[in-house]
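Each remark here refers to the structure printed beneath this line.
Note that this is a predicted model, so its numbers are computed, not measured.
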Amino acid sequence: MRLLLVEDDSMIGEAVLDLLRAEHHAVDWVRDGDMADTALRTQRYDLVLLDLGLPRRDGLAVLRDLRARKDRTPVLVATARDAVPDRIAGLDAGADDYVLKPYDLDELLARIRALLRRAAGRAEPIYEHAGVSLNPSTHEATVNGEPVQLSAREWSVLEPLIARPGVVLSRTQLEEKLYGWKDEISSNAVEVYIHGLRKKLGAELIQTVRGLGYCVPKGGSGA
C-alpha cells in the first residue's frame, strides 16, 4: 500500500519509515504541514500517518483541508498531544483513529492494518479469495492451505487487488503501491510481478481487463 508519513522528528520518522517499508508499504515522508498538503493534493494514498505539531502548518489544518476537499483517505493521527480536548479536536476534524506518542510500534502497525481493512470495506483480518489466503499481520500466504513464498513486491501488487475483488486497478495505480518518490520505476515491473503471481497462485486469480488494468474477479475466476 502507498502511505504518507507526516512527521517532523527525524528520529521518529526514520524509525517509522523503516518499519513501514519492512511491512511492504511504499512510503513518502514529509516533515511539515505545507509539504503534507501538497503531497495530498498531488498523490493518492491508502493511508496518512499524521503528526499534529508540525512546522509551517498545523496537522489539524492539513486534516481539515483534506476533508473539506471530500478526500476520504484514512488518517491515523499520531501525536504527543494527550489532552482529551486535543483528541476530540482531531477526531472531529476527520481523523479515523488516534495513537499517542510514544507509541508501541506493533500497536501502530495493528491500527494501520485495521484502517486499511475498513477502507477496503472488510472486517476480517485475513484476506481470503478463491483458495488464496493473505495474512497482513504475518505476511503469510497460502494456496488451498499450502504456504507460498511471495516477494515484497509481489505482495504489494496482490494485496490491493485481493482486498477489493471486482475492482480494476490500472498499471499506474499498482505502480503507486510499489514505489515511493525516490524509487526508480521499471517500465514493465507490474507485468513482471503479475506474471510471477499467476505462476505461484494460479493463472485464474488475477484477470487482465484489456485497456484498463487488472482485477481479482468477484467470482474467483479470471481470463
Side-chain angles (χ1 to χ4, degrees), residues 1-83 85-105 107-116 118-119 152-153 156 159-160 169-186 189:
M1 299 293 186
R2 184 75 173 268
L3 276 56
L4 178 65
L5 170 62
V6 187
E7 174 58 64
D8 65 320
D9 185 295
S10 296
M11 186 176 296
I12 295 174
E14 289 171 1
V16 175
L17 182 67
D18 290 343
L19 177 77
L20 295 177
R21 286 178 172 171
E23 292 293 305
H24 307 336
H25 296 301
V27 186
D28 297 330
W29 177 18
V30 297
R31 307 186 188 207
D32 66 60
D34 283 351
M35 292 177 66
D37 185 70
T38 299
L40 290 167
R41 289 176 184 272
T42 57
Q43 177 67 52
R44 290 172 294 186
Y45 292 98
D46 295 291
L47 182 139
V48 183
L49 182 59
L50 178 66
D51 188 21
L52 295 186
L54 298 169
R56 302 177 69 182
R57 184 184 301 193
D58 186 81
L60 277 180
V62 173
L63 179 56
R64 291 191 182 105
D65 288 347
L66 179 74
R67 296 309 187 215
R69 298 193 299 271
K70 309 301 182 185
D71 191 321
R72 298 182 178 180
T73 303
V75 175
L76 174 58
V77 167
T79 181
R81 298 181 184 177
D82 59 354
D86 288 328
R87 281 180 276 171
I88 292 173
L91 293 169
D92 283 346
D96 296 278
D97 199 0
Y98 213 105
V99 62
L100 293 175
K101 297 178 180 178
Y103 43 73
D104 180 84
L105 294 179
E107 179 187 359
L108 179 69
L109 291 176
R111 289 181 181 274
I112 288 173
R113 290 193 296 268
L115 288 180
L116 292 174
R118 189 185 306 166
R153 298 292 197 191
S156 295
E159 184 177 11
L169 297 180
S170 68
R171 186 180 75 172
T172 299
Q173 288 174 313
L174 290 173
E175 285 175 345
E176 290 172 350
K177 314 295 185 185
L178 286 167
Y179 301 106
W181 288 331
K182 297 181 180 180
D183 295 327
E184 182 177 349
I185 301 176
S186 173

* Would you check, one step at a time, whether the test side chain to side chain contact (heavy atoms under 4.5 Å, CB included) holds for D51 with D8? => CA-CA 8 Å; D51 188 21; D8 65 320; 3.2 Å; yes
* To do: Apply side chain to side chain contact (heavy atoms under 4.5 Å, CB included) to L108 and V16, showing your working.
  => CA-CA 9 Å; L108 179 69; V16 175; 4.3 Å; yes
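- No side-chain N or O of R87 forms a donor-acceptor pair with one of T79 less than 3.5 Å apart.
- One distance of note links OH of Y98 with CZ of R81; it measures 7.0 Å at 0.5 Å rounding.
- K177 NZ to R153 CZ: the interatomic distance, rounded to the nearest 0.5 Å, is 14.5 Å.
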* Are E159 and M1 close enough, and set up right, to give a side chain to side chain contact (heavy atoms under 4.5 Å, CB included), and what steps lead you there? -> CA-CA 8 Å; E159 184 177 11; M1 299 293 186; 4.0 Å; yes
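- Remark: H25 NE2 to R2 CZ distance equals 13.0 Å, nearest 0.5 Å.
- Under 4.0 Å is where a charged nitrogen must lie from a carboxylate oxygen, and between D96 and R67 at least one such pair does.
- When all heavy atoms of D9 and W29 are compared, the closest pair comes out as O-CZ2, 4.1 Å.
- The CG atom of L3 sits 11.5 Å away from the CZ atom of R21 when rounded to the nearest 0.5 Å.
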* Start with the C-alpha distance between D97 and R113, add both sets of side-chain angles, then the distance that settles salt bridge (Lys or Arg N to Asp or Glu O under 4.0 Å), and finish with yes or no. => CA-CA 12 Å; D97 199 0; R113 290 193 296 268; over 6 Å; no
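- When all heavy atoms of A36 and L4 are compared, the closest pair comes out as O-CD2, 4.2 Å.
- Counted within 6.0 Å of CZ on R72, heavy atoms from surrounding residues, nucleotides or ligands total 12 or fewer; the atom is thus considered open.
- Annotation: the span from Y45 atom OH to T73 atom OG1 amounts to 10.0 Å, rounded to 0.5 Å.
- Interatomic distance, CG of D37 versus CG of L63, reported as 11.5 Å (0.5 Å rounding).
- With contacts defined as side-chain heavy-atom distances shorter than 4.5 Å, the pair L109/E23 qualifies.
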* To do: Show your working on salt bridge (Lys or Arg N to Asp or Glu O under 4.0 Å) between D65 and R69 and close with a plain yes or no.
  => CA-CA 6 Å; D65 288 347; R69 298 193 299 271; 5.4 Å; no
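- In this structure, L5 and V27 approach most closely via the heavy-atom pair CB-CG1, 4.0 Å.
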* To do: For salt bridge (Lys or Arg N to Asp or Glu O under 4.0 Å), just list the numbers for D71 and R41, CA-CA rounded to whole Å, side-chain angles, deciding distance to a tenth of an Å, and then say yes or no.
  => CA-CA 9 Å; D71 191 321; R41 289 176 184 272; over 6 Å; no
